[in-house]
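One structure is given here, and the rest of the page talks about it.
Computed from a prediction, not measured in an experiment: that's the story for all the values here. Only this structure's heavy atoms are used, side chains among them; waters, hydrogens and symmetry mates stay out.
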Amino acid sequence: MTNPLRSEGEAFRFLLGTLVYFAAIAIAGVINEWAGLVVFIVLTVGVVWWWWRSRTPAPPAPAAAVRQSPEGERRILVVANETVGGEPLLEQIRQLAADGHTRVLVVSPALNTPLRHLASDEDPARAQARERLDRSLAELERNGVQASGEVGDGDPLQAIEDALRTFGADEIVISTHPEGRSNWLERGVVSSARERFAVPIHHVVVDLGDRSS
Amino acid sequence: MATVDHAAHPPVANQSSRVDARTLGMFLFIASEIMLFGSFFTIYFFVRVSAGTPWPTPPYHLPVFVAGMNTIILVTSSFTMHWALQAIKRGNRSGLKAGLSLTFLLGLTFLLTQILEYSRIGFTPHTNAFGSVFFGLTGLHGAHVFVGLTLLAFATIRAFRGHYSEEEHLGVEIPGIYWHFVDVMWIVVYTTVYIL
C-alpha cells in the first residue's frame, strides 16, 4: 500500500477516497441507522479487502555484482548471528578453509527490533553483533582459521549483498537455528539468497540447545 | 591472525538499511496525529456511547447546514491546492499563484466561519461534557487549519516573489500534503460529530 501522505497527489486521492467513504456512510446513516451500519461494514470490509489485494510483493532484487577473487585465492563469506559460535558452523568453515589459500569473512548481521530499526537506533544491535563476532573470530583463530569479520546490516540478505560488493565471495555459508526456531528460515532467507546471488550457498543448521554440537 | 575491521574507527553507517529521513518524519507525524486525534475521538465515543450523553444535549443543537457549507469550502480548497501544484509542475506560475491564493482564502473563510459558529452556538466548553468534547474536537481541528494557513501563507508569499519552478516545488508539495490531511480529518470530524 502506498503511504497516502508521501506526495501531494497521493494525499489528494486519499482525501477523495475518504470523502466518498464517509459521504456514503453519512447518507445511509441519515436515512436509517441500521443502513448506515451496514454501509459502514460493507465499505470497511471492501477497503480492507482492496488493501490486502493491492499489497504486491517487492520485485526480486537483481543479483549483486560479485567481485572476482584473485587467482588461486578462495573467499568464503560466512553469515551468522546467534549461531555464529556453533560447532557445526565452525566445522563447516574448517572444512572449506582447509584448502590452502583461503580467506574467510564472517558477517554478523546487527539484528534489531522493528521499532528500533524504524527509529534508526542501531547502536545496541551493532554492539551485540560485534560481541558475538569477536567471540566467533577468537574461536576460529583457536582452530587455526584465518578470518576477518564485520558487523553487517540487520537484514541478512542486505548484509550479504553489502559484503559481496567489497569481499567478492566464491562461496557463502549461512548459519541458522533449526527449522521451527529460526526466524531466518521462516522468512526464507536461505532460499531467497539462493535466488538472489549467483554464488554457491551452504546452509548450516546449528542447534544451540544440543550440547553435542 | 583473526582481525576485526571495525576496531579502529566507528562502523560505516549502513544507509541502505535506514529509513529515509523525510519518510521517517512523515511516519512519525502521522503516528503523532493519529494518537492526538485518536485520544479526542476516544473521549467523544466514551461520552456519547458509554456514558450515553444525548448528542447534542438538549436544548442545544449543532449548525449542521453551516458546517456542511464549511465542509464544501474546505474540500474545494483541496482541489485548488491540487490545482496549484499541478500548475507549477507544468511551469504555469499564474496557476500556482491563483491556486495558492484561492486555497488560502478558502481556508481562511473556513476558519472565520468556525469562529463565528462558536460565538453563536449557545454553549461553551464549560457547559457540559458534550460542550467540552465538541469544542475539543473542532478546536483541535481548527488549530490544525491555523497551522495549515500559516504554511500556505509562506508558500503563497514565496510564489508571488518568484520562488518555485517545474523542478523545485517541495515548498508547495509539503503544505499541500498537510492541507489534504487537515481536510481528511475534518471529514471525519464533521461526519461523526455533526451528522451521525
Taking side chain as C-beta onward, heavy atoms only, is B:Asp183 less than 4.5 Å from A:Thr18?
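They are not in contact (no side-chain heavy atoms under 4.5 Å apart), so the answer is no.
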Which of residues 59-67 of chain B get closer than 4.5 angstrom to chain A, counting heavy atoms alone?
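The list, in residue order, is empty: none.
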In Å and rounded to the nearest 0.5 Å, what is the CZ to CG distance from A:Phe40 to B:Leu196?
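Atom-to-atom, A:Phe40:CZ and B:Leu196:CG are 10.0 Å apart.
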Mind checking the NE2-CZ spacing from B:His82 to A:Arg13? Nearest 0.5 Å is all I need.
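Here the interatomic distance stands at 7.0 Å.
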Has A:Glu186 got more than 12 heavy atoms of other residues, nucleotides or ligands less than 6.0 Å from its CD?
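Atom CD in A:Glu186 is not packed in, count stays at 12 or less.
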Please check if atom CD in B:Glu166 has more than 12 non-hydrogen atoms from other residues, nucleotides or ligands closer than 6.0 Å.
yes
Side-chain (B:Glu173) to main-chain (A:Glu8) donor-acceptor, under 3.5 angstrom
yes
Note: B:Ile177 and A:Ser7 closest approach over all heavy atoms is CG1-C, 3.6 Å
Closest approach of B:Thr191 and A:Ala26, non-hydrogen atoms and distance?
CG2-CB, 4.0 Å
Parallel, tilted or perpendicular: rings of A:Phe12 and B:Phe79 (30°, 60°):
perpendicular
What residue in A:Val30, A:Leu19, A:Leu16 has the most heavy-atom pairs under 4.5 Å with chain B?
A:Leu19
